[in-house]
Amino acid sequence: MSTISKPSGMARFLTTLFALVMIFGLSAAVPTPVDDVIESRNNELEARGNTQSGMAGATLTTMGNTDFRALTTAKGSKYGSYGFDSCLGVLIIGNNGAIIGHYAATDNDIRDTRWQMNPKRAAAVIPTLFNSNRASLTPGLKTYVYAQINADGTYVFPQLVADLVNIVQTATGVAPKVKMYKKTTSSRSTNGGGFIVEVKSKAPHGVSWES
């Protein structure tokens, strides 16, 4: 009568080791909940700030400029600015017109400085444009400043925000509301924040903000 020999100690060790390798190999191939959260956040960040698609067909104000836009054009016409990532913006809007500004976060773009006078700075251009187009901007006048915030809700450039608020209020007599957009934390989010005005058949016109 034959007998079945028991596996040696070395054979048992190798069998156990092989099983452990298989278990850990499979575990490494399965995404953990942490991996899922990171990927989800990255996807959201990539999509966040993608205002370029909403700007299709819009007349845009580029960085360093302040433009007046007549809102007496055809219904559905769009005006705005995008690509904000630390930049500040201004929207002064009335029943028949809007002033749109997009500024780098520097003294030279926002206010008067001792060393350099940029003729396109907000402090110089906003009052001039408002006075030249007052009839189109009133009645129905509303004013806004667009500013970036940190994760804790504080302004990234608080002094420049205060300066721009003061410039707009002094020029128009109306204290602006501050609209905020989040600080970009992913290199894949390339379009940044933005806002857009869409002409309606009658005022008030539509305004959309990327936050």
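Numbers here simply count residues along the sequence, with the first being 1. Values below: every heavy atom of this structure, side chains too, minus hydrogens, waters and symmetry copies.
- Interatomic distance, Thr172 OG1 to Lys142 NZ, rounded to the nearest 0.5 Å: 14.0 Å.
- What you find for Gly206 and Lys200 is that their closest heavy atoms are N-CG, 3.7 Å.
- The hydrophobic cluster containing Ile110 also contains Ile149, counting ILVMFWY residues as joined when their side-chain heavy atoms lie under 4.5 angstrom apart, directly or transitively.
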For residues 93-106, tabulate all N or O donor-acceptor pairs below 3.5 Å that involve a side-chain atom, not counting sequence neighbours.
from, atom 1, to, atom 2, distance (Å)
His102, ND1, Ser81, OG, 2.6
Tyr103, OH, Thr66, OG1, 2.7
Thr106, OG1, Asp109, N, 3.3

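- Ring to ring, Trp209 and Tyr146 are close: their centroids are under 6.0 angstrom apart.
- Leu91 and Met180 fall into different hydrophobic clusters, where Ile, Leu, Val, Met, Phe, Trp and Tyr are joined by side-chain heavy atoms under 4.5 Å apart, directly or via other members.
- Side-chain contact check for Ser211 versus Lys179: every heavy-atom pair is 4.5 Å or farther apart.
- Not a single donor-acceptor pair under 3.5 Å links the side chain of Ser77 to the backbone N or O of Thr73.
- Atom CG of residue Leu160 and atom OG of residue Ser86 lie 10.0 Å apart, to the nearest 0.5 angstrom.
- Listed by chain and residue number, nothing satisfies the ring pair (Phe, Tyr, Trp, His ring centres under 6.0 Å) test with Phe157 (two or more places apart in sequence, or in another chain).
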Inset, instruction - Starting from the C-alpha separation in whole Å, work towards a yes-or-no answer on side-chain contact (heavy atoms from CB on, under 4.5 Å) for Leu60 and Tyr82. - result: CA-CA 8 Å; Leu60 299 176; Tyr82 78 95; 3.4 Å; yes
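- The minimum heavy-atom distance linking Ile167 with Ala122 is given by the pair CG2-O, 3.8 Å.
- A donor-acceptor distance shorter than 3.5 angstrom exists from the side chain of Asn131 to the backbone of Pro127, with no hydrogens or angles considered.
- No path of Ile, Leu, Val, Met, Phe, Trp and Tyr side chains, each step under 4.5 Å between heavy atoms, connects Val156 with Tyr144, placing them in separate hydrophobic clusters.
- At a threshold of 4.5 Å between side-chain heavy atoms, the hydrophobic network of Ile, Leu, Val, Met, Phe, Trp and Tyr places Phe130 and Val125 in one connected group.
- A donor and an acceptor atom, one from each side chain of Asn65 and Thr62, are located under 3.5 Å apart.
- Closest approach of Ala58 to Ile196, counting heavy atoms only: CB-CD1, 4.3 Å.
- Among all heavy-atom pairs drawn from His205 and Val199, the shortest one is ND1-CA, 3.7 Å.
- Donor-acceptor pairing under 3.5 Å is lacking for the side chains of Thr61 and Tyr79.
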Inset, instruction - Give the C-alpha distance, both sets of side-chain angles, the deciding distance and a yes or no for side-chain contact (heavy atoms from CB on, under 4.5 Å) between Tyr155 and Val178. - result: CA-CA 10 Å; Tyr155 296 126; Val178 180; 3.4 Å; yes
Inset, instruction - Decide side-chain contact (heavy atoms from CB on, under 4.5 Å) for Ser208 and Glu198; before the verdict, give the C-alpha distance in whole Å, the side-chain angles of both, and the deciding distance to 0.1 Å. - result: CA-CA 8 Å; Ser208 300; Glu198 183 172 352; over 6 Å; no
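- The side chain to side chain contact (heavy atoms under 4.5 Å, CB included) check on Asp152 picks up Asn150, Thr154, with sequence neighbours excluded.
- The two residues Ile92 and Leu137 come nearest to each other via the heavy atoms O-CD2, 3.7 Å.
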Inset, instruction - Start with the C-alpha distance between Arg69 and Thr59, add both sets of side-chain angles, then the distance that settles side-chain contact (heavy atoms from CB on, under 4.5 Å), and finish with yes or no. - result: CA-CA 9 Å; Arg69 307 296 188 187; Thr59 301; 3.5 Å; yes
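- Under a hydrophobic clustering in which Ile, Leu, Val, Met, Phe, Trp and Tyr are joined whenever their side-chain heavy atoms come within less than 4.5 Å, directly or via other members, Phe195 and Val165 fall into different clusters.
- Formation of a donor-acceptor pair under 3.5 Å by the Arg121 side chain with backbone atoms of Asn118 is found in this model.
- Annotation: side chain of Tyr181 is not in contact with side chain of Glu210 (no heavy-atom distance under 4.5 Å).
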